[in-house]
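Report on the structure given below.
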2 protein chains.
Amino acid sequence: MSILTVGTVAFDSIDTPFGSADRVLGGSASYISLAARYFCDDIRLVGVVGHDFPEEYRQTLLDGGVDLEGLEVDPDGKTFFWHGEYHYDMNERDTLETQLNVLEGFEPEIPEAYRDSRVVCLGNLDPSVQQDVLDQVDDPEYVIADTMNFWIENTPDSLRQTLRRVDCLVINDSEARELADEPNLVVAADRIRGMGPETLIIKKGEHGALLFTDHSVFSAPAYPLEDIQDPTGAGDAFAGGLAGHLVRADRYGPDALRRAVIYGSVMASFVVECYGPERLLSLGPIDISERAQSFRDLAAIPSLVPVEQQPA
Amino acid sequence: MSILTVGTVAFDSIDTPFGSADRVLGGSASYISLAARYFCDDIRLVGVVGHDFPEEYRQTLLDGGVDLEGLEVDPDGKTFFWHGEYHYDMNERDTLETQLNVLEGFEPEIPEAYRDSRVVCLGNLDPSVQQDVLDQVDDPEYVIADTMNFWIENTPDSLRQTLRRVDCLVINDSEARELADEPNLVVAADRIRGMGPETLIIKKGEHGALLFTDHSVFSAPAYPLEDIQDPTGAGDAFAGGLAGHLVRADRYGPDALRRAVIYGSVMASFVVECYGPERLLSLGPIDISERAQSFRDLAAIPSLVPVEQQPA
């Protein structure tokens with residue numbers, strides 16, 4: 001069982017009202033891979049870095065069992081850099097600086113050995129690059145994709161083309177509202193599923209996530225944390241846990257998807273506890289299993305007795 | 001088994017981008033009573049209206065089995081009036097006009113027959129009025145209270161006095177953050193429970209509700225509705241369903257509280273489907289039982305298999 005993930009590998013600088021981190025390992029492909037590897041031992045990364053990408057960060061990914069044959073090193077450019085600042089309540093952030101660097105004009109070349117990947121996880125990238133990747137993979141069992149407002153606004157046609165090839169779209173609530181041009185999330189979900197993805201997952205940050213399939217809606221809680229250090233990467237770790245569980249289960253039906261949303265939420269809840277991907281480097285399987293069980297306890301509704309009172 | 005509810009009985013005028021309602025029956029005590037009566041046949045209302053309160057609205061409450069011995073009619077004044085406007089996404093609203101009218105200087109007098117009430121539900125009112133009510137009740141088994149930013153900001157000492165006498169506080173997330181002066185809801189909940197209420201319920205509108213007790217946190221989903229007509233009264237209907245189930249169950253432990261939060265959420269989900277309290281007048285017990293079951297389906301997490309993969 002294998003997961004191919006494509007996305008950014010980056011330097012992140014992060015400021016919060018409570019602390020900061022400078023040029024830590026970041027990017028969607030890093031977070032997806034480092035989360036998914038807890039569920040699957042064949043994680044393949046496709047991305048690009050510059051000449052300044054340190055051996056130490058490369059080793060962090062390798063030590064985590066992430067295959068880097070697909071990580072291109074561009075000797076003429078610098079690694080993608082993002083600098084963001086979180087506000088006091090940690091729910092909103094401003095981007096202070098983005099340097100695309102080697103990401104500009106990135107044309108992924110999928111190694112021969114990656115072509116048989118079972119699950120493909122398309123991190124947030126230009127939708128035409130996402131399609132390029134799909135074109136080079138044989139016949140994946142399941143395609144998961146992320147996107148963002150920038151592509152919804154600037155490359156809507158290309159995004160629609162990607163969506164037609166996606167099984168499961170994972171976006172946040174403001175992106176869902178914008179993509180569907182509709183404030184009500186239930187109506188928006190219907191509309192987005194009509195664009196291609198049979199399954200839609202809407203991430204709501206501290207409010208959990210919603211899973212829409214043909215048969216049902218599932219509302220997953222967020223883990224109530226007392227101390228949130230850094231929300232960066234939580235959405236990508238969510239996608240990593242999600243993809244990881246699906247590959248592990250080798251099922252993509254409604255129950256497998258519900259469990260996968262919980263494992264995604266678990267991985268996101270760990271990521272926010274530390275700056276950068278630090279917490280993803282120190283977890284054991286028991287940590288993950290215990291927290292997943294905590295999610296079940298958190299959401300458990302005891303059996304109900306029918307209401308009989310007929311008002312006067 | 002009996003519930004005493006004190007709060008406003010009002011005229012509401014409501015504007016939404018999709019329609020409007022003019023001077024419909026409103027107020028916290030109306031919504032609480034009309035929701036609670038599905039669970040309990042002894043609902044006692046304490047409030048005040050003016051000479052302009054129509055017989056028709058009085059009859060609506062009486063037809064619902066609400067005891068109005070405690071509803072004072074002030075012949076010299078007019079009924080409390082609220083006019084609000086909702087925005088496109090229905091999550092935010094502006095108050096366009098508030099006329100306190102007879103509510104100004106309201107000093108509730110609890111009828112003799114109400115003094116043995118088992119559960120007291122203190123709707124959002126001046127905290128000193130809430131205490132006045134508690135002073136006139138013998139020894140209630142359980143006290144539920146609501147409040148709002150206005151009292152948190154303007155009568156903090158009086159509010160603290162009320163809180164010491166409350167078993168379960170039901171407020172929304174922005175109120176919780178303001179009351180605790182803390183953005184993180186988990187930390188805020190700890191702080192607020194230290195002020196008196198053993199149980200805290202934080203309502204998050206379209207994101208559901210959180211229940212904090214000594215032993216656990218419970219995250220209840222919101223019902224995913226395609227069509228929200230009017231959110232007015234949803235929070236009060238929540239309190240009504242909550243109080244109603246607790247009285248019906250005659251239990252106040254963690255499991256009873258979880259179920260009560262679900263029945264509160266059920267009643268809130270019905271209220272928003274129509275303008276004013278209309279939907280609360282047409283429900284049958286089966287509607288309520290079926291929707292409560294839908295909440296269980298919505299939140300159900302299938303059993304989980306421990307994660308075994310130890311990353312490289």
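Labels below follow one simple rule: chain letters A, B, ... track the order of the sequence lines, proteins then strands, and each chain is numbered from 1.
Contacts of B/Ala256 with chain A are absent, with no heavy-atom separation under 4.5 Å from either backbone or side chain. For A/Asp227, the part lying near chain B is the backbone, with the side chain staying farther off; criterion is any non-hydrogen pair under 4.5 Å. Contacts of B/Asn184 with chain A are made by side-chain atoms alone, with heavy-atom separations under 4.5 Å and no backbone atom involved. For a residue to count as touching a neighbouring chain, one of its non-hydrogen atoms must lie under 4.5 Å from one of that chain's; by this rule B/Ser294 does not touch chain A. Heavy atoms closer than 4.5 Å to chain B are found in the side chain of A/Ile262, but not in its backbone.
Contact count versus chain B (heavy atoms, under 4.5 Å) is highest, among A/Ala249, A/Ala300, A/Pro306, for A/Ala300. Annotation: maximal heavy-atom pairing with chain B below 4.5 Å, among A/Ala220, A/Ser303, A/Ala189, A/Gly244, occurs at A/Ser303. For the set B/Gly208, B/Ala299, B/Pro221, the entry with the most heavy-atom pairs within less than 4.5 Å of chain A is B/Ala299. The greatest number of non-hydrogen atom pairs below 4.5 Å with chain B, out of A/Ile288, A/Leu304, A/Asp255, is found for A/Leu304. Most heavy-atom pairs under 4.5 Å with chain A, from the set B/Arg296, B/Glu206, B/Arg258: that is B/Arg296. Comparing B/Pro302, B/Ser219, B/Ser289 by how many heavy-atom pairs each has under 4.5 Å with chain A, the most go to B/Pro302. The most heavy-atom pairs under 4.5 Å with chain A, out of B/Leu210, B/Val217, B/Val187, B/Val66, come from B/Val217.
Within 6.0 Å of CG on B/Leu281 lie more than 12 heavy atoms contributed by other residues, nucleotides or ligands. Taking a 6.0 Å sphere around CG of A/Asp181, one finds it holds 12 or fewer heavy atoms contributed by other residues, nucleotides or ligands. Annotation: A/Arg191, atom CZ; neighbour count of heavy atoms from other residues, nucleotides and ligands within 6.0 Å is above 12. Annotation for B/Arg251: atom CZ does not count as buried by contact number, only 12 or fewer foreign heavy atoms lying within 6.0 Å.
The side-chain heavy atoms of A/Val307 and B/Tyr263, taken from C-beta on, include a pair separated by under 4.5 Å.
Between the CG atom in A/Asp297 and the CD1 atom in B/Ile301 there is a gap of 9.0 Å [rounded to 0.5 Å].
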Exercise for review: Would you please test A/Val186 and B/Leu225 for side-chain contact (heavy atoms from CB on, under 4.5 Å) and show each step?
Suggested key: CA-CA 7 Å; A/Val186 184; B/Leu225 286 165; 5.7 Å; no
